[in-house]
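For reference, the structure is listed below as structure tokens.
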Amino acid sequence: MAKYKLVAKKGLGQNFLADANILRKIVAAAQLSPSDLVLEIGPGLGALTVALAEAAGRVIAVETDRSLAPLLAEVLADQDNVGLVFGDILKLDPVTLLGPEHNGAKVVANLPYYVTTPIIFHLLESTVPWRSLVFLVQKEVADRMVSPPGNKVYGALSVMIQFYCHVELVGVVPPTVFIPRPKVHSAIVRLVPKPKEYSPETDRCFSLLVRTVFSSRRKNLYNSLRSIILQLGGEEKVRAALQTLGLDPLQRGETLSPAEFYALAAYCGKDLNDSTRN
Ligand code: SAM
């Protein structure tokens with residue numbers, strides 16, 4: 001970095017990995033083989049990119065900070081299987097980035113902490129059928145991803161991630177392995193998407209239900225749903241849904257499992273008012 005007169009940009013979440021063991025652990029979690037195509041978000045100084053390029057068939061690395069271009073060109077000079085793209089991953093379509101071979105591609109990333117959740121959802125909402133996604137995230141985020149219902153960190157992220165993916169906490173990573181050091185611990189998580197067989201209406205209703213319930217987590221389920229009752233098809237419909245699904249209107253919404261949220265969405269989703277699109 002000194003050679004290129006670079007300083008880590010806090011605003012871009014630049015905490016660079018400087019520990020060969022952790023790099024190995026991340027690459028091992030992705031279970032890479034020479035036939036794999038990998039999307040890396042935020043190559044930074046390229047340490048993880050080199051490790052990925054050695055284990056996978058091809059790596060597409062997307063970096064928003066163009067000032068890293070000369071350094072990355074030098075670090076990746078010997079890696080002829082790496083494609084570098086400069087841009088904001090949130091504005092890029094993974095299908096276009098990866099090209100016709102995108103089926104079964106993998107994601108590996110030490111994510112910038114300021115934008116972790118939007119990036120994960122951007123990737124999961126794309127039409128790429130990912131084989132797996134391995135992320136290094138703040139430990140607090142990893143805890144939310146794997147939390148069961150009833151835990152105080154169980155929230156919208158837990159429900160959405162766990163419904164669409166199998167999630168595994170691979171290991172905890174201390175601040176000492178980064179330059180500069182973050183204030184908090186990090187963790188490696190591995191997501192394997194479940195086969196998709198859902199309808200867009202149900203998905204939309206699922207997302208609305210989850211957001212609504214966790215924006216008023218102390219309310220009971222029925223009172224939480226009152227604010228969106230018309231969108232869900234009216235009072236009668238919602239009462240019938242709860243009864244059919246064996247859900248107590250007086251239980252707190254935050255106690256519902258991901259499958260229960262989805263079942264409720266499947267029941268009410270068909271009547272979802274169009275105003276809830278997006
Ligand atoms: N992969 C490197 C490593 O492990 O040392 C760097 C990881 S660092 C935590 C996050 C990287 O993501 C930084 O290089 C940062 O510039 C980049 N970044 C931040 N926001 C981004 C975005 N929206 N799209 C693409 N890259 C981004």
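For ligands, and for the atoms within them, numbers begin at 1 and follow the listed sequence.
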What side-chain donor-acceptor pairs closer than 3.5 Å can you find for residues 149-160, not counting sequence neighbours?
{"unit_1": "Asn151", "atom_1": "OD1", "unit_2": "Val153", "atom_2": "N", "d": "3.2"}
{"unit_1": "Tyr154", "atom_1": "OH", "unit_2": "Leu256", "atom_2": "O", "d": "2.6"}
{"unit_1": "Ser158", "atom_1": "OG", "unit_2": "Arg144", "atom_2": "O", "d": "2.7"}
{"unit_1": "Ser158", "atom_1": "OG", "unit_2": "Gly155", "atom_2": "N", "d": "2.9"}
{"unit_1": "Ser158", "atom_1": "OG", "unit_2": "Gly155", "atom_2": "O", "d": "3.3"}

Side-chain H-bond candidate by donor/acceptor type, Asp248 with Tyr222, under 3.5 Å: no
Distance in Å, Asp88 CG paired with Thr64 OG1, rounded so as to fall on 0.5 Å steps: 5.0 Å
Salt bridge Lys3-Glu74, side-chain N to carboxylate O under 4.0 Å: yes
Neighbouring residues of ligand 1, heavy-atom cut-off under 4.0 Å: Leu12, Gly13, Gln14, Asn15, Phe16, Leu17, Glu40, Gly42, Pro43, Gly44, Val62, Glu63, Thr64, Asp65, Gly87, Asp88, Ile89, Asn110, Leu111, Pro112, Tyr114
Pairwise ring pair (Phe, Tyr, Trp, His ring centres under 6.0 Å) hits with a residue in residues 58-114, at least two apart: none
With sequence neighbours excluded, residues passing salt bridge (Lys or Arg N to Asp or Glu O under 4.0 Å) with Lys5: none
